[in-house]
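See structure below.
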Amino acid sequence: MPTAARDGDRDRDRGRDRDRALRVVLAEDSVLLREGLIGLLARFGHEVVAAVGDADGLRAAVTAHDPDIVVTDVRMPPGFQDEGLRAAVALRAERPGLPVLVLSQYVQRTYAADLLDAGDGTGVGYLLKDRVGQVEEFLDALVRVADGGTVVDPEVVRQLLRRRRDPLAALTPREREVLGLVAEGLSNGEIARRLVVTEAAVGKHIGNILGKLDLPPAQETHRRVLAVLTYLRA
């Protein structure tokens, strides 16, 4: 099937999937934000099957409810360091297909990389908490991750774009821009619309990126995830 047709099908499928209800386990120690997320998700047809305030509660809730997706904070009791992230990584190790969307107060490149390293890098997302206030973006990220996509917060991507260290030195400015949009979880069609270019041009850029990063031959989706990981570690 031509690339444009495949991307068009994915975009249409994504639009339909946004209407389906997801069963969510939510881990957030702030009562106000936790209650707000419960209400927001319910308003758009999703069910929070468990809402907990610490990492131990998160692990127990996932075992008890087998959710469609986990949404968790990074810093949680008792140490308020990276307990939520470490719990998410452990859950991904135990359940490789479990989609996880991590929320963070601050930009932490290493947190995003650690999360993407869990499992095969698909079905994971890393967003800043400010993104929750942008309801459409948050809900879109939730569904993308639940459907196996990889989503990295645009602010993390913007900070990484300012870096000019290997192994990205071989990429042109346009290729770095395209890779940044891939890291945000956009499809070829969405990238083409964002940059006002053809999908064929986007496909060519991605082919060049994968070649320059010397990624091993594999399924295209997996190679894109490997490219994002390379980007985050640069």
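The figures here come from the full heavy-atom set of this structure, side chains too, leaving out hydrogens, waters and symmetry mates.
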Atom pair CZ (Arg75) and CD (Glu83), whose distance is rounded to the nearest 0.5 Å: 9.5 Å
Interatomic spacing from NZ in Lys204 to CZ in Arg174 - rounded to 0.5 Å: 13.0 Å
Under the salt bridge (charged side-chain N to carboxylate O under 4.0 Å, His left out) test, residues paired with Glu175 that sit two or more places apart: Lys212
Test item: Asp73 and Phe80 side chains (from C-beta on) under 4.5 Å apart, heavy atoms: no
Shortest non-hydrogen contact between Ile69 and Val100, atoms and distance: CG1-N, 4.4 Å
Pairwise side chain to side chain donor-acceptor pair (under 3.5 Å) hits with a residue in residues 63-72, at least two apart: Asp66-Arg95
Atom pair CG (Leu85) and OH (Tyr126), whose distance is rounded to the nearest 0.5 Å: 8.5 Å
Qualifying residues under side chain to side chain donor-acceptor pair (under 3.5 Å), relative to Asp56, sequence neighbours excluded: Arg59
Any pair counted as side chain to side chain donor-acceptor pair (under 3.5 Å), so long as it reaches residues 24-39, sequence neighbours left out: Glu28-Lys129
Salt bridge (charged side-chain N to carboxylate O under 4.0 Å, His left out) against Arg194, all qualifying residues, sequence neighbours excluded: none
Side-chain heavy atoms of His205 within contact of Val202, under 4.5 Å: no
Closest contact, heavy atoms only, Ile206 versus Val182: CD1-CG2, 4.1 Å
Same apolar cluster: Leu37 and Val135, side chain cutoff 4.5 Å: yes
With sequence neighbours excluded, residues passing side chain to side chain contact (heavy atoms under 4.5 Å, CB included) with Val52: Ala27, Leu58, Ala61
For Ala201, side chain to side chain contact (heavy atoms under 4.5 Å, CB included) partners two or more places apart: Val197, Thr198
Separation between CZ of Arg144 and CG of Leu139, rounded to the nearest 0.5 Å: 12.0 Å
Transitive ILVMFWY side-chain link Val24 to Met76, under 4.5 Å: no
Partners passing side chain to side chain contact (heavy atoms under 4.5 Å, CB included) against Glu94 (at least two apart in sequence or in another chain): Leu91
Partner set under salt bridge (charged side-chain N to carboxylate O under 4.0 Å, His left out) for Asp130, not counting sequence neighbours: none
Where Glu137 and Gln134 come nearest, the two heavy atoms and their spacing: OE2-OE1, 2.7 Å
Student check: side-chain heavy atoms of Leu195 and Leu181 closer than 4.5 Å: yes
Results of salt bridge (charged side-chain N to carboxylate O under 4.0 Å, His left out) for Arg23 - residues two or more places apart only: none
